[in-house]
Structure formats: structure tokens, C-alpha cells
Amino acid sequence: MLKIHNNLNKQKELFTPIDPTNVRLYVCGMTVYDYCHLGHARVLVVFDVVNRYLRKVYGEKCVTYVRNITDIDDNIIKRAKENGESIPTLTQRFIDEMNVDADALGIRRPDSEPRATQHMDEIVEMIQTLVDKGSAYQGADGGDVYYDVSSFEGYGKLSGKNTEDLRSGARVEVVEAKDDPLDFVLWKMAKPEEGTSWPSPWGEGRPGWHIECSAMSTSCLGNHFDIHGGGLDLQFPHHENEIAQSEAATGEKFVNVWMHNGFVRLDEEKMSKSLGNFFTIREVLKQYDPEVVRFFILNSHYRSPLNYSDKHLDEGKAALTTLYTALRGLDINDGAEDAEFEKHFTAAMDDDFNTPKAVAALFVLACEINRERDSDPSTASKLASILKRLAGYLGLLERDPDAFLQGAQGEAAGAKGFSVDAIDALIAERLEARANKDWAGSDRIRDELAAQGIVLEDGGGGTTWRRE
RNA sequence: GGCGGAAUGGCAGAAUGGCUAUGCAGCGGAUUGCAAAUCCGUGGAUCUCGGUUCGACUCCGGGUUCCGCCUCCA
């Protein structure tokens with residue numbers, strides 16, 4: 001029985017889908033004006049695993065995963081101007097780049113990726129509904145349209161804030177046109193220099209930050225759906241405001257379960273755009289195999305902070321090498337099952353997607369495979385098949401073991417080193433030296449390969465190699 | 001200032017009112033021509049001070065330190 005930590009009440013609770021034949025998941029995706037960084041990688045990977053595991057539990061076709069793209073906002077307008085690039089050119093460029101990174105990380109494509117600019121009708125319609133219901137108003141100066149926070153009783157329930165505290169906080173921007181400093185903008189009037197706008201009953205303009213997610217999620221998944229996810233930094237104000245907008249507009253409960261993943265940190269500090277202390281995904285992929293990055297992310301619980309360092313990535317690589325080594329040389333057949341091993345894995349995943357514990361179960365399985373591999377190859381093969389299948393729910397071990405072990409580790413490594421043919425030739429040469437008990441000659445070849453990062457392993461079935 | 005989260009062995013990271021994961025690194029052994037890989041074994045931890053309890057790392061209270069949100073952010 002799957003339990004999920006619901007951030008709405010800060011408790012782990014049994015997950016009960018509204019409709020088990022169509023479990024609906026919405027995740028706040030990217031605002032596309034720059035390359036994705038490791039924080040984005042974490043959201044992508046974490047919710048990719050949620051998506052995969054929900055499909056294991058409820059059925060491959062019984063889950064709808066929506067991850068939006070925000071392709072109009074202040075940062076996009078600003079960046080387009082700086083680059084001397086049109087907004088659509090900029091956003092399409094970074095959507096393409098995002099997909100390059102996501103594909104590299106083995107992220108399964110969501111069922112739908114709605115874009116704000118393609119849902120303007122729904123956005124305007126929702127704002128109109130809010131105005132009609134008295135939850136929103138046009139500013140005193142006849143300009144921007146605001147959401148009236150005081151009209152929504154539950155405001156602050158997700159982020160644990162109360163409106164009194166928020167008002168007394170010094171950080172709320174005071175804008176004359178607002179009735180209340182807490183009110184936030186739904187529709188911004190067009191400014192000529194911004195060069196883009198859409199028509200609305202209040203005049204040409206563009207949506208505020210939060211309304212696009214309310215409009216897109218409800219139009220894609222219905223007024224009331226199961227899970228809404230995103231990074232912890234979206235909890236307030238973004239998700240709080242989404243709840244206020246959606247529930248006021250529809251009159252229904254918006255979302256049952258809120259999930260937020262923790263931050264990626266650098267030197268114990270949040271990795272963020274404003275601090276400028278971030279690594280882009282592609283920077284990291286120059287040095288590390290994408291699956292290593294994925295392993296690193298999944299080796300800690302999604303709600304914990306995740307400290308980035310080369311050392312941790314190196315350890316991830318070593319760990320993944322152990323798992324792939326267990327799989328190497330064994331036949332994989334799809335139907336294999338073993339209730340005991342599967343139970344350990346699913347018990348971990350059922351407990352709020354405890355991926356570190358699930359990964360630990362994979363290592364126990366790998367150990368068992370290595371133990372059986374010589375004495376009972378068919379059992380070893382069966383267990384290897386199970387290992388591969390279970391790891392697949394985490395998006396791990398999906399490649400051929402040799403492709404991982406012998407492949408270039410990170411893009412930069414690809415250019416250097418011996419070709420496979422050269423390696424095979426040297427191994428054959430060494431084999432002959434060994435047959436003649438020419439240990440010095442044999443070791444010379446091994447050292448030569450080691451200098452190129454090639455490690456030889458003399459197993460019972462011959463000599464194998466891998467890149468370090 | 002308000003609100004919230006966290007502190008586990010050398011490092012990373014789970015779990016649990018008593019049986020104390022897992023990975024990397026270390027140590028001993030098996031295996032190997034020697035290695036590597038693998039297997040077997042092994043040392044080592046629960047920030048601090050109180051309390052509850054037969055028993056707490058786990059529950060409660062005080063303290064310390066760190067982090068986050070309250071402003072754009074995944």
C-alpha cells in the first residue's frame with residue numbers, strides 16, 4: 001500500500017486515487033529562458049520515478065502525467081531583450097535544450113507538456129471567473145488584475161503561514177493599486193517595450209506568474225486531481241496561490257496530495273539562480289555519465305537536502321559499477337519473479353518513495369547474484385532479471401552492462417583512450433604472454449592499458465575489461 | 001522578527017521503543033602467477049543536557065549548531 005508524505009498536512013498518508021484507472025499527476029516544470037541546472041535535474045528525476053512507480057502500482061495506462069512549461073514571464077522577456085532574440089525563438093530554443101538534458105537523464109516524456117502561451121483562453125477565462133465571483137479585481141488605476149487574498153479563507157494552509165504574519169513581514173512589496181499587499185497579480189497590462197501581449201476583457205496584457213498553472217492543470221486533469229509536485233521553493237507563494245486561484249474559481253478541492261522535493265545544495269547552501277551558485281546539467285554531464293547523476297539523486301530521499309560534490313558523484317559511479325558488474329554476462333528474461341526480493345523493494349518504494357532503501361535492496365540482490373553466478377547460473381540469471389526490472393522502476397540499469405562499463409564516462413572521456421579493437425588486440429597479446437608464463441610481459445600490457453583508464457579482470461570465462 | 005526542517009560510524013545514507021540497513025573507503029581471509037572483480041569475516045555512530053521507560057538513537061522537554069521559507073527560483 002503506497003503511502004505519500006502530503007505536504008498539505010505534513011503527514012505520511014495512504015494514497016487513495018480519485019480514480020484508480022486514471023491517476024493524475026501534475027508537476028511544475030521549467031520556465032524556459034536558460035539551461036537546466038541540477039535543481040531542475042532533481043525535480044525531473046524525482047517525479048520521473050514517481051511517474052514510473054505509479055504506473056507499476058496502478059498500471060501502465062492508468063496514470064496521466066502532466067508537466068507544464070512556462071514560456072512567458074518577466075525573466076523570459078528580460079532575457080530575450082538582452083539576447084536580441086524574439087521570445088518564441090528563445091523559449092523554443094530552451095525547450096529543445098531541456099529535452100536534450102531530460103533525455104540524457106533517462107526521463108520518460110510526460111503525457112502532456114502544456115505551454116502557457118498555448119492556453120491563453122483558459123487563463124483569461126479563469127481570471128474572468130475569479131472576477132465574477134468577487135475573488136479578483138482590477139487595480140484602482142484601471143490596470144493590472146489582482147487576486148483578493150482576503151477573500152480566500154484557507155490562504156496559507158499549504159505553506160503554514162497566516163496572513164497576519166505575512167502582512168507584518170517587511171518583505172511584501174507595497175503597490176499602490178493593490179487593496180492589500182498580499183494580493184498578487186493575475187493579469188499584467190501590456191507595456192509597449194515588452195513586445196508581446198494577448199487580448200483580455202481588461203485590455204492587452206499577459207498572465208501573472210501563478211495563474212497559468214491553475215488554468216493548465218485543471219484544464220488537463222480536471223478541477224480536482226491527485227498529486228501536484230514541484231521543488232520546495234514553489235511551495236510559497238506559487239503553490240499557495242495556485243490553491244487559492246483554483247479553489248476559488250472551481251469551488252472544488254484542487255489537489256489531494258502535495259509533494260515537494262528538497263533542494264540541491266552546494267557547500268551546504270541552496271543551489272539557486274539568484275545566488276548564482278549552480279551547475280547546469282550539461283556541465284555535470286561533461287564529467288559524469290548521466291546515469292551516475294541519476295543514481296546520485298536517487299540515493300537520497302527526495303525530501304532531504306542533497307549536497308552536490310564530485311566526491312559524491314564518484315561514489316555513485318563506483319556503486320553503479322558494482323550493480324552493472326553483477327548483471328554482466330547473464331541472460332535477462334522478462335518474466336522472472338521472486339516474491340522475497342520484490343517485497344523488499346516495493347516496501348521501500350511504498351513508504352513515500354524511499355529510493356535509498358530501494359537502492360539498498362538492489363545491492364542485496366546484486367550480492368546474491370554474485371554468490372550464485374558460478375554454482376547456479378540459471379538462478380543467477382533469474383535474479384539478474386529481477387534486478388534489472390526493479391532498477392527499471394528507478395530508471396537505472398536500463399543499458400547493456402558492457403555499454404555502461406566500457407562506455408565513455410562523461411562526454412569528455414570519449415575522445416581519449418584506446419579503441420575497442422586496440423584493447424582487444426592487447427588483451428589477446430597478453431593472453432599469449434600469460435600462456436607462456438611471461439608474467440613481466442603480461443603485466444606490462446596490463447599497465448599500459450591501466451594508464452589509459454582500462455581495467456582488466458581475469459575471470460573464469462576469460463578476460464574482461466572496463467573503463468575506469 | 002515570524003514559521004518550518006535537520007543533526008546517525010572516515011564519507012554518503014536508511015531504519016527502529018529491545019534484533020543496530022546499504023554503498024564507498026579501512027582491516028583480515030578465500031580466490032588470483034600477481035592484480036582486478038567477486039565472496040566470507042570485521043572494527044567503527046546515533047549533536048548536548050535532562051525526563052518517561054525494564055530498556056531510547058527512536059517518545060517528551062531545555063540547549064547548541066546548521067539549513068530553508070517569509071522576494072524571482074525546481
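Throughout, protein chains are lettered first and strands after them, A, B, ... in sequence-line order, and every chain is numbered starting at 1. Note that these values count all heavy atoms, side chains included, but never hydrogens, waters or copies made by symmetry.
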Legend entry - Most 5' of A:Leu234 and A:Gly459 on RNA chain B, judged by nearest nucleotide: A:Gly459
Inset, instruction - Under 3.5 Å for both distances, Watson-Crick or G-U wobble, that's the pair rule; now give the dot-bracket for RNA chain B, with | marking pairs to another strand and [ ] for crossing ones. - result: (((((((..(((.....[...))).(((((.......)))))....(((((..]....))))))))))))....
Legend entry - Separation between the P atoms of B:rA25 and B:rA37, rounded to whole Å: 8 Å
Inset, instruction - Considering just the side-chain nitrogens and oxygens of A:Ser304, establish if one lies under 4.0 Å of OP1 or OP2 belonging to B:rA14. - result: yes
Legend entry - Cation-pi check, A:Lys161 onto A:Phe236 ring (under 6.0 Å, within 45° of axis): yes
Inset, instruction - Give, ordered by number, those residues of residues 381-389 of chain A having at least one heavy-atom distance below 4.0 Å to an atom of RNA chain B; if nothing qualifies, reply none. - result: none
Inset, instruction - Examine distances only and state if a side-chain atom of A:Asp267 and a backbone atom of A:Glu269 form a donor-acceptor pair shorter than 3.5 Å. - result: no
Inset, instruction - Pick the P atom in B:rC3 and in B:rA21, then give their distance to the nearest Å. - result: 39 Å
Inset, instruction - For RNA chain B, find the residues of residues 40-49 of chain A with a heavy-atom distance under 4.0 Å and give them by number; none if there aren't any. - result: A:His40, A:Val43
Inset, instruction - State whether the distance check finds a donor on one side and an acceptor on the other, under 3.5 Å, for side chain A:Ser442 versus base B:rG33. - result: yes
Legend entry - Earlier contact from the 5' end, RNA chain B, for A:Asn354 and A:Cys28: A:Asn354
Inset, instruction - Find out whether A:Leu186 and A:Tyr146 are in side-chain contact, i.e. whether some heavy atom of one side chain is under 4.5 Å from a heavy atom of the other. - result: no
